[in-house]
There are 2 protein chains.
Amino acid sequence: MTRRAFSRLSQDRRRTDLLEATLACVADLGLDRAGARQIAERAGVSAGLIRHYFPSKDEMVRAAYAYLMGQMTAAAEDSGAGDALSPEAALAEVIAANFAPPSLSGVKVSLWATFVGRVRVDPAYADIHREGYREFLDLLEARIHPVLVAQGCPADPARCKHLAIALNGLIDGLWIEGSLGHGLYDARRLPAIALAAAEGILRLPDTTLTRHLALEDERS
Amino acid sequence: MTRRAFSRLSQDRRRTDLLEATLACVADLGLDRAGARQIAERAGVSAGLIRHYFPSKDEMVRAAYAYLMGQMTAAAEDSGAGDALSPEAALAEVIAANFAPPSLSGVKVSLWATFVGRVRVDPAYADIHREGYREFLDLLEARIHPVLVAQGCPADPARCKHLAIALNGLIDGLWIEGSLGHGLYDARRLPAIALAAAEGILRLPDTTLTRHLALEDERS
DNA sequence: AGATTTGTTTTACATTCGTACAACAGCAGA
DNA sequence: TCTGCTGTTGTACGAATGTAAAACAAATCT
């Protein structure tokens, strides 16, 4: 019996390989079928190695969730951060980014839902979720405020927070259904639907946000 | 070794007992830990009986998802169906019902998320999800149209559909975050936030929907 | 009351799971 | 090239899993 050849990778590289293999397995096998052996195989590694990087398989799955949320919030914070953008264009970009790849993704929403299902069961998941939610809420609030000011709308903190909560709900809900791709409507209409709805929620004049839609398409 | 005493229940009763036990186990153990033995114990029954009612444990879990969605859409269709309600009040009630028990529920959202996580993996889950989503979308569209007409807003089918999609997204997103109870804000403010946002999305005058809020509270 | 049906329990089994641990091998430094 | 370290593999083991099938008993019928 000849032993399998292997190469030693840096700790970080091996770790992220395992985390990404975990996410891949959870996404297309489900949490219950995503066993240690299958994750290891997907990472091109033997099962015993998991315990060399994580205290247990459950801890690895938790770490994978944190890893995923870190990626997603980082992507959200990057969007609309281009300099020389008007407040309106920046807000429109943050919103619209959720309805195009890579954010709009069946894999991502599957993972997100699977992990959210554990929030009530496991406090560690609840912490990760709360953190990600809070960060996105803060980001939205920061992008909403200058728009309201520029448009001469009331922009007190309480109103901004409520609007951010509502806008976040809109984005989350549309993102989920859009990413699942149930085929009940054309997902390419989502950016326009979302921006028009956001204009309404924020009580902005028509086309304040939607006029930045074509720009989005051209740049991609 | 004395055998356990038991009583024979009607087929339907035993079946729903098993389905509800399945949901309970999935909600507070997670899909992977919700084993056949634990579900059976929660239903007050021995594990072997499962196979007398379902071809497999997986089929039982699928049936439990369908059962859950049936309950939820039935509850949604009941809300706002009271006679002699104005179109505006009926729409407000449908929206607000999602932000008070029993709809606003950590258990429900955990189950919902867990099952949505399987939509990509298992076509049966995708079918159930699509059906539930479509029904709620249709319900919203039916409640939106008369309001738009009464308020003299444009109400062509395409616009109604887009508005229903946006409104459904808003409700879904707020329902999820509200039900998870992360404590980032007071969930009791959700009905007001949701109704105000809905007014904006539909381009209705202020208080068209929110003025029905106090009524909601009084009737509970 | 006795016979029949069938819903229910029990036992058994192959499989898979997460994990522990000893043996091995790739790589860095001498 | 040899040595030492440790990342990595392979194997083994107990526990838990889903399922099959036989034994049993509760309700129903006669």
Side-chain angles (χ1 to χ4, degrees), chain A residues 1-26 28-65 114 118 121-122 124-125, chain B residues 1-26 28-65 114 118 121-122 124-125:
Chain A
M1 183 82 101
T2 164
R3 228 162 212 255
R4 189 167 115 194
F6 65 94
S7 68
R8 321 183 120 183
L9 266 51
S10 82
Q11 254 194 17
D12 275 1
R13 175 62 198 277
R14 188 67 88 192
R15 207 183 118 94
T16 60
D17 278 1
L18 282 170
L19 293 181
E20 273 163 13
T22 304
L23 293 179
C25 283
V26 171
D28 60 46
L29 297 177
L31 244 187
D32 47 340
R33 308 266 199 273
R37 283 168 179 83
Q38 348 227 346
I39 293 172
E41 186 187 8
R42 174 101 58 155
V45 136
S46 76
L49 191 61
I50 288 178
R51 296 272 323 209
H52 199 266
Y53 285 89
F54 300 95
S56 75
K57 180 221 162 196
D58 280 355
E59 286 283 349
M60 181 171 70
V61 178
R62 284 192 199 97
Y65 180 38
T114 301
R118 306 213 75 147
V121 178
D122 187 331
Y125 288 87
Chain B
M1 182 81 102
T2 164
R3 228 162 212 253
R4 189 166 116 194
F6 65 94
S7 68
R8 323 182 113 173
L9 267 50
S10 83
Q11 254 194 19
D12 276 1
R13 176 62 196 277
R14 188 69 86 194
R15 206 183 119 93
T16 61
D17 278 0
L18 281 170
L19 293 180
E20 273 162 14
T22 303
L23 293 179
C25 283
V26 170
D28 60 47
L29 297 178
L31 242 187
D32 47 340
R33 307 266 197 271
R37 282 167 181 80
Q38 348 229 349
I39 293 172
E41 185 186 9
R42 173 101 58 156
V45 135
S46 76
L49 191 60
I50 289 178
R51 294 278 319 221
H52 198 267
Y53 286 88
F54 300 95
S56 75
K57 180 222 163 196
D58 280 355
E59 285 283 351
M60 182 171 70
V61 178
R62 283 193 200 97
Y65 179 38
T114 300
R118 304 212 77 148
V121 178
D122 187 331
Y125 287 87

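Lettering follows sequence order; numbering is per chain, from 1.
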Round to the nearest Å and state the distance from [X] atom [atom1] to [N] atom [atom2].
X     : N      : atom1 : atom2 : result
B:L31 : D:dG18 : CG    : P     : 11 Å
A:D58 : C:dC17 : CG    : C1'   : 12 Å
A:I39 : C:dG18 : CD1   : C1'   : 11 Å
B:K57 : C:dT15 : NZ    : C1'   : 15 Å
B:L18 : D:dG18 : CG    : P     : 14 Å
A:I50 : C:dC21 : CD1   : P     : 17 Å
B:L49 : C:dG7  : CG    : C1'   : 7 Å
A:F6  : C:dC27 : CZ    : C1'   : 10 Å

key: DNA chain D: 5'-proximal contact among A:V45 and B:S56 (nearest heavy atom)   = A:V45
ask   = Can you tell which of C:dT8, D:dG18, D:dT8 lies closest to the side chain of A:R3?
value = D:dT8
ask   = Given side chains that start at C-beta, do those of B:V45 and B:I50 come closer than 4.5 Å, heavy atoms only?
value = no
Indicate whether OP1 or OP2 belonging to [N] is found under 4.0 Å from a side-chain N or O atom of [X].
X     : N      : result
B:Y53 : C:dT8  : yes
A:H52 : D:dG7  : yes
B:R33 : D:dA16 : no
A:Q38 : C:dT16 : no

Any donor-acceptor pair under 3.5 Å joining the side chain of [X] to the base of [N]?
X     : N      : value
B:R51 : D:dA20 : no
B:R37 : D:dG18 : yes
B:R8  : D:dA26 : yes
A:R4  : D:dT9  : no

message = Quick test of your reading of the model: are A:D58 and B:R33 salt-bridged, counting only N-O distances below 4.0 Å?
response = yes
inquiry  = Within the supplied structure, the quantity of interest is the number of heavy atoms (other residues, nucleotides, ligands) at a distance under 6.0 Å from B:E41 CD; does it exceed 12?
reply    = no
request  = Give a yes or no on whether the backbone of B:D17 and the side-chain of B:R13 come within a donor-acceptor separation of less than 3.5 Å.
outcome  = no
task = Evaluate the criterion side-chain contact (heavy atoms from CB on, under 4.5 Å) for residue pair B:T22 and B:F54; output intermediate values, then yes/no.
result = CA-CA 12 Å; B:T22 303; B:F54 300 95; over 6 Å; no
task = Tell me what A:G35 touches on the nucleic acid: a base, only sugar-phosphate, or nothing, going by heavy atoms under 4.0 Å.
result = sugar-phosphate
